[in-house]
Structures are given as C-alpha cells and as structure tokens.
Amino acid sequence: MPTNHIWSRQLLQTFPDAVSGVLLGVSAPICDPRDKRALHLNTGAIAVDMESHVVATVGAAHGLPVAAMRVITDPAERTLPASAVAAMRPNGTTNIGAMIRVMLMRPREIPALFQTAFDALAARATLVRGRRLLGPGLLLVNSLEADPVRVNEPYLAPAIQTATMERV
C-alpha cells in the first residue's frame, strides 16, 4: 500500500539516520533468520511488522494519508525466542504467564529472551525520542507541511506490502 509522499519525506528529514523502504505486513511473527531473509529476498522489504499494514488498510479505506515509521526489535540475524512469541497477544499486550510457562519448558532460551527484552527497550527509547522530535503536531493531519495533505492525493513514497508466509 503506498504511503503519503509528503509525510514520508518529512519523516526522513526529521530522522536523517532513518532508512526508507518497503515494510512487509504479516499476520504472525517471523522468528527464524532464514525466514526473515527469504522474505527480504522475495519482496525487497527492509522490515517486517504486524501492525502497519492494518493501519494502512484502514487509512486507504477512508481515503486518509498514511506513513509509517518503525524501529526494529528483533534484527534479521537473530531468532525470536519461543517464549517471546508466546507472550504476544493479538491486541499487542504481553501475556507474562504464557511467556514464563514457555521459558520454563525452554530454559536455554533465557539469554535470548533477555536480549529480546533489551532490544525492545532500546526500540521503545528510539520511538519516544522520535515522538519528541516530531512534536505534538504529529497527530494533526495537515501539520507536517505548509501545503495541506488532501484526501486521495497521489501517493509516491515507498509502499507497505502485505504477505503471508505461504506466499514465500
């Protein structure tokens, strides 16, 4: 799904270290580095997430502009531990009990789980910093540019793709 080029350009200007590219939306976590690499090779996506394509779909259905800025919590070269996956609820909250149950069955994953937690904390800190850099105007539809964003305006920026593992 295409993103709004004005908003995407503003995000890249605000965050000069950011990388622009295709996000791949999936319905389930991609845990194995080989699967992550295959998705990149097959789609050209620079990152995979489970949320942006949902927001983009709603935006498109209502003719609203969309842009996405993501931080990486589990790098492509790292396996996501089963206990971290077990902790993920569909609504985005964490199920600590499920995480502990799986961790007790797979104690060798404890170091990887701690690494995932540290990565998530670093990602959250980056998001908080980004929110401060964007300022309060982020939530206003026409706030990022002197020229207002119009409904159904041409979208020229990198796209958000959606796929399932079955397509890989």
Side-chain angles (χ1 to χ4, degrees), residues 1-32 35-36 38-76 80 84-96 98-99 116 119-168:
M1 299 177 156
T3 60
N4 179 275
H5 72 281
I6 295 171
W7 284 6
S8 295
R9 184 180 68 231
Q10 183 65 33
L11 286 170
L12 288 170
Q13 289 171 352
T14 304
F15 304 99
D17 294 337
V19 177
S20 177
V22 173
L23 296 178
L24 179 66
V26 296
S27 58
I30 308 301
C31 304
D32 189 274
D35 294 335
K36 295 175 187 183
L39 286 171
H40 169 70
L41 293 173
N42 290 330
T43 68
I46 62 169
V48 173
D49 83 355
M50 295 170 52
E51 302 86 16
S52 298
H53 65 288
V54 175
V55 174
T57 300
V58 172
H62 295 282
L64 297 173
V66 176
M69 181 179 98
R70 303 301 307 198
V71 295
I72 305 300
T73 58
D74 57 307
L80 193 57
V85 176
M88 295 179 189
R89 289 187 177 126
N91 68 359
T93 61
T94 304
N95 184 340
I96 299 296
M99 180 190 67
T116 301
D119 290 343
L121 287 172
R124 186 178 192 298
T126 300
L127 281 176
V128 169
R129 179 180 163 268
R131 178 66 182 97
R132 277 197 301 268
L133 287 173
L134 286 170
L138 172 66
L139 301 177
L140 303 175
V141 171
N142 291 320
S143 65
L144 295 180
E145 188 70 29
D147 296 330
V149 173
R150 291 173 178 64
V151 173
N152 297 323
E153 143 183 345
Y155 292 89
L156 304 173
I160 298 171
Q161 287 185 326
T162 59
T164 61
M165 284 302 293
E166 293 82 35
R167 285 182 36 195
V168 177

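Values below: all heavy atoms of this structure, side chains included; hydrogens, waters and symmetry mates excluded. Given the structure is predicted, the values throughout are model-derived calculations rather than measurements.
The minimum heavy-atom distance linking W7 with A67 is given by the pair CB-CB, 3.7 Å. Taking all atoms of both residues into account, the shortest heavy-atom contact from L11 to A68 is CD1-O, 4.2 Å. Here the closest non-hydrogen pair linking N95 and A86 is CB-O, 4.4 Å. Among all heavy-atom pairs drawn from H53 and V26, the shortest one is CE1-O, 3.3 Å. I30 and K36 get closest at one heavy-atom pair: O-CE, 3.0 Å. Between T3 and S8, the shortest heavy-atom contact is OG1-OG, 3.1 Å.
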Would S27 and M50 satisfy side-chain contact (heavy atoms from CB on, under 4.5 Å), going step by step from the backbone distance to the final call?
CA-CA 6 Å; S27 58; M50 295 170 52; over 6 Å; no
Hey, mind stepping through L134 and F15 against side-chain contact (heavy atoms from CB on, under 4.5 Å) and telling me if it holds?
CA-CA 9 Å; L134 286 170; F15 304 99; 3.9 Å; yes
For the pair I46 and V22, evaluate side-chain contact (heavy atoms from CB on, under 4.5 Å) and give the outcome as yes or no after the intermediate values.
CA-CA 6 Å; I46 62 169; V22 173; 5.9 Å; no
When you look at M88 and M99, which way does the side-chain contact (heavy atoms from CB on, under 4.5 Å) test go after all the steps?
CA-CA 8 Å; M88 295 179 189; M99 180 190 67; over 6 Å; no
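A distance-only check finds no donor-acceptor pair linking the side chain of T93 to the backbone of R89 [under 3.5 Å]. Judged by distance alone, the side chain of T43 and the main-chain N or O of A45 form a donor-acceptor pair under 3.5 Å.
To the nearest 0.5 Å, atoms CD1 (I72) and CG (D74) are separated by 7.5 Å. The distance from the CZ atom of R9 to the CG atom of N4 is 9.0 Å, given to the nearest 0.5 Å. Note that CG of L12 is 11.0 Å distant from CG of D17, once rounded to the nearest 0.5 Å.
For the pair R131 and L127, the minimum side-chain heavy-atom distance is 4.5 Å or more.
Inspection of the T116 and D119 side chains reveals no N or O donor paired with an N or O acceptor under 3.5 Å.
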